[in-house]
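Following: one structure in structure tokens, then a few remarks.
Note that ligands are numbered from 1 as they come in the structure, with each ligand's atoms numbered from 1 the same way.
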Amino acid sequence: MSAPRLWGIDLGGTKIEGAILDPERPDKALHRLRLPTESERGYDHILGRLSRLVGMLEEASGLRRPERIGIGTPGVTVPATGLLKNSNTICLNGKPLAQDLARILGTRVSTANDANCCALAEATLGAGQGHRTVFGIILGTGVGGGLVVGGNVLTGPHGLCGEWGHNPLPGEETECYCGRKGCVETVCSGPALEKHHAALSGKTLRLPEIVILASQGDPHAVETLGRLREKFGQALAAVVNILDPDAIVIGGGVGNLDLLYTPETREAVLRHLFNDRFETPLLRPLLGDSAGVFGAALLTASDSGDHG
Ligand SMILES: [Zn+2]
């Protein structure tokens, strides 16, 4: 008898992806299917799409659904209430998603936010493999993260664990959508960098164009990326002072930039660290866009996530 398969679903604003993994070879999906979310049609429609995808996975695999399915969600389920919050797929906010899915699918479900799923996948199967405590960062349109300790992703009573993107940066005043000012996300996210560059140069450019300009010595582009390095270092040092993780994996579109992996960026962290050395590896993710769905499946093999 082979080991029970791990089933995971990554619920995104535009697509829903499902995968079935073999726990003995979890780095390769046995089956992997996608459906458009059609989130504009509302909450009940999304529940129906998720149910349909599970049916499609049963058909493709010839297996019955397992007794527990892992689901990565945008936003986070508040453990105390079971309600989803902070989702950019607005119609999910305030809804008991995990509980409704458990009822509709007839299985137990484990949910976690997408950043936590990515962190779990990278820590278990990807760049962070072999490290006990892994801080998995998403640095892209938004700034978030997840903390994995010994193969389990930590959630916390508020569902807040890893949300370093809304820590304030000293001296920064830009208003954040969260209602506070100077959040890391308002300085280090892709849109924030593009805005900063536009304010300096008077030109609206995308980040990849700014990176090319910087490599050619354009002063506004160089300033924009230099600022990213310094502020990222400062923001990350605050995390390292508290968690001192064994490894940090930097995902997301901004996380792709070569400059984050240079000695100069390590020095920027060290300048703000309560220590005279900074030796934590800063790693590029290895799983690409598979991390979300793989992490969701791995929730069912760990004590991670919230259970409905
Ligand atoms: Zn904020």
Neighbour count >12 (heavy atoms, 6.0 Å) for atom NE2, H45: yes
Under 2.8 Å from the Zn ion (ligand 1) - protein N/O/S, by chain and number: H166 ND1, C176 SG, C178 SG, C183 SG
Modelled atom types, side-chain donor and acceptor of T37 and R49, under 3.5 Å: no
Flag for R32-S290: side-chain donor and acceptor within less than 3.5 Å: yes
Chi angles and distances behind the ring-ring contact (aromatic ring centres under 6.0 Å, His included) call for H166, Y177: CA-CA 10 Å; H166 296 271; Y177 76 88; 5.5 Å; yes
E172 and its salt bridge (Lys or Arg N to Asp or Glu O under 4.0 Å) partner, picked from K181, R227, R180: R227
I9 side chain reached by L50 side chain, heavy atoms, under 4.5 Å: yes
